[in-house]
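All values below come from the heavy atoms of this structure, side chains included, with hydrogens, waters and symmetry mates left out. Within every chain, numbering begins at 1; the chains are lettered A, B, ... in the order of the sequence lines, protein sequences first and strands thereafter.
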Amino acid sequence: MENRLKELNDTQQEAVRHIDGPLLILAGAGSGKTKTITTRLAYLLDVVGVPSSSTLTLTFTNKAAKEMRERALSMISKDGHPPLLCTFHKFGLLFLKFNIHLLNRKSNFVVIDSDDKKRILKRINPDLPTPLVASEISRYKNSLLNPDEALQQAELREYQKIAKVYAEYEAYLVENNLVDFDDLLALTYRLLDENDDLCKLTSDRYRYIMIDEYQDTNELQLRLIKKLCCSHSNICVVGDDDQSIYGWRGANIRNIVEFAKDFNDAKVIKLEYNYRSKAPILSVANALIEHNRTRVGKKLLCTKEGGEAVVMLSGADESEESQKIAFKIKELIDSGVSPSECAILYRINALSRSLEEGLNRANIPYRLVGGLRFYDRAEIKDLIGYLRVAINPHDNYSLKRIINRPKRGIGKMSIEKLELEAIRSAKSIYEYIKSASIGELELLVRKKNSQTLKKFIKQLDELQDASLRSLYSLVDKLDDLFGIRASFEAMPDGADRVQNIDEFYGLFRDFVKQRPEATLDDFLNEALLSSAQDEVEGQSIYIMSIHASKGLEFDHLFVIGLEEGFLPLVGEGSDLEEERRLGYVSFTRAKETLTLSHVQSRYYKGRRTELMKSRFFGEAGLCEASLKVEKVTAFKKGDLVRHKIFGAGRVTGISRAGREFKLNINFGGNRREILASFVERL
DNA sequence: ATGATAACAGTTTTT
DNA sequence: CTGTTATCAT
């Protein structure tokens, strides 16, 4: 352990040795953050002698939790109970399993995902836009507003409607013993807030708390953390204000910037030595982020002198851009660079298409990171639905999902009727079908369907039996009984789905083998809360969004689409400082070389749009800070342009506004001054 | 009950 | 230009 400490620099060691009282570790990109906090955890356990059961370390992703666990455990000598190191949501889940009875709810609740949530919301009110309703409800829960409070707060009629849907949604969840992702934290907070004894007990239990990626926490998480350390103040948080890129989903950069205000006598340690990138990359990243005002303020200090200058690549359009990049990557690979050390990043996923075409043309294998996650795929959710029903046949929600999958001819109408009838007789749907006679069923659904339903229930019973006997062969039984795999095999484009199903079966068997003591419920909860990010090494380069790249590093990095409107991305709710942080996060992924590209025009949403080079080039010191004449050429007097709100108009004048351009536009007699980035040329 | 066409929207994403 | 969902015939 002492040897491990010596591997750290002075500030990192200082962070490890700070034991009691609030500590903020501001860890710049590539500054050895994970190494520092995993060493700190190991130090707490091994040197200070804190019992592992007294520590709690929270992360945002399973991947981070896994990595930290492995690294911390490799450092400590003694074996015993491993420390609790998990995601916020997993912690919430565990906590609720033990304590939700205090809210008069049963501990066998089912966690629903955001798709389930939307389906429920649409059923409650199909006329409102479900994505908006879903995100508003999420906002309410994360601001700890109950439906009544949300209603009071709502001024617009539309929002009053949403608050009412919220109330019905909550009632539905309680009625069906469901819990959504936000509840895992919100209900945990509520329990701690309403039960002082429980709060004290919990805080006493976890005397040393660490939080990873603190810049991504939201209001609710902050309040939860405060509850968790109500009986002590041994709270160590790690993060980087300059890498806060989740503001749009509620993360509040204020939490990290004002940490010292929230926790008295907080110590702040800045890790500023960067061990990742060559000097030119750091100076570009530093120069860019200095333009932000809301930040604690720190600089990345160089430990790797030398290195090639950051390259700016220009192209006429997206196909030239991808062609040029493909060419450069080919050169790198030919010179012996491993493809997996190359990555291309973009601000929005829509830009991946042209890139993929270019890479395919150049025969460069690539791996697209992100996209639809494994457990979000329809076929996998079907399987999960079956397993849930095997655990609890009264789970109406899951039963409804699988009752017609694969297709058995049970349609929406039949399901609705069955549910209604079940409610009328105070039974679950399963119970109702089981107890009803064929004659009764035939009154509701067609003759053929009543037979189908009876058979279906019988099969479910068999499945449940099998689940009680042996978990290992459960998936075989599942497939034998319901022919799920075969149903996808019969579909013309079902090959991928069959592959996914096989993978799921494999994962399930592995899980049972590795954890023979675990229950089916354990498996399902783990599946739902995991993102199944397969870490692959190999002969492919990586392409992904900037968000998806956080925490990763590559020898040779390309960032495309550095144009006004794409990076920075403008639109309602956009925040230039967050865009700048996105630039910063993307640049700091690079170890050896960094190439930034922009194009003069790009196809997007079926339109070709003229684009100006991103202001970030100037801010990063990569070209003249003042805008040159060539940049104006995107617009000239007399151009026809379109604005999102005002529609089509004609440019009558051009003027400067700081680093931006202002256009005088005549929208059919209505003259306005508008920033050039808010219009597009027709 | 299910398949075909029309209308529509269209950052970033984890749990 | 895409992919997704609502609606309409069959």
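- The residue A/E213 sits apart from the nucleic acid: no heavy atom pair falls under 4.0 Å.
- The side chain of A/K407 contributes an N or O atom lying less than 4.0 Å from OP1 or OP2 of B/dG3.
- Residue A/S414 is in sugar-phosphate contact alone, with no base atom involved, counting any heavy-atom pair closer than 4.0 Å across all strands shown.
- Within the 4.0 angstrom heavy-atom criterion, only backbone atoms of the sugar-phosphate kind lie near A/N404; the bases stay farther away.
- At the heavy-atom level, A/F88 lies nowhere under 4.0 Å from the strands shown.
- Sequence order on DNA chain B of the closest nucleotides to A/T87 and A/K605 puts A/K605 first from the 5' end.
- Between A/N125 atom CG and C/dA6 atom P there is a gap of 13 Å when expressed in whole angstrom units.
- Checking A/D116 against A/Y397 by side-chain atom types alone, a donor-acceptor pair falls below 3.5 Å.
- A/E577 places a side-chain heavy atom less than 4.5 Å from the side chain of A/R581.
- Among B/dT11, B/dT15, B/dT14, the nucleotide with an atom closest to any side-chain atom of A/R249 is B/dT14.
- OP1 and OP2 of C/dT2 both lie 4.0 Å or more from every side-chain N or O belonging to A/Y603.
- Using a 4.0 Å cut-off between charged side-chain N and carboxylate O, A/R123 and A/E419 make a salt bridge.
- Rounded to whole Å, atom C1' of C/dT2 lies 6 Å from atom CZ of A/R353.
- By the 4.5 Å heavy-atom criterion applied to side chains, A/R580 and A/L576 are counted as neighbours.
- You'll find that the side chain of A/R446 is closest to B/dA1, out of B/dT15, B/dT11, B/dA1.
- Residue A/G606 is in base contact, counting any heavy-atom pair closer than 4.0 Å across all strands shown.
- Summarising the geometry, the separation between CD on A/Q215 and P on B/dT14 is reported as 15 Å, rounded to the nearest angstrom.
- For the pair A/K550 NZ and B/dT15 C1', the computed distance is 14 Å after rounding to whole Å.
- Atom pair A/I112:CD1 and B/dT14:C1' shows a separation of 16 Å (rounding to whole Å applied).
- Residue A/K122 is in sugar-phosphate contact alone, with no base atom involved, counting any heavy-atom pair closer than 4.0 Å across all strands shown.
- Across the protein-nucleic acid pair, A/K118 atom NZ and B/dT15 atom C1' stand 13 Å apart, rounded to whole Å.
- As a whole-Å value, the separation of A/E356 CD from C/dT2 C1' is 13 Å.
- For A/Y246, the side-chain atoms get nearest to B/dT13 when compared with the rest of B/dT11, B/dT15, B/dT13.
- Side-chain polar atoms of A/T452 and A/R408 form no donor-acceptor pair below 3.5 angstrom.
- Checked by atom type, the side-chain pair A/D182/A/S138 shows a donor-acceptor distance below 3.5 Å.
- Contacts of A/N349 with the nucleic acid, taken as non-hydrogen atoms under 4.0 Å apart, involve only primed sugar atoms and P, OP1 or OP2.
- Put simply, A/S545 has no side-chain N or O that comes within less than 4.0 Å of OP1 or OP2 on B/dT11.
- For the pair A/L132 CG and B/dG10 C1', the interatomic distance rounds to 16 Å; values are reported in whole Å.
- Listed candidates were B/dT13, B/dT11, B/dA1. Nearest to the side chain of A/M413 is B/dA1.
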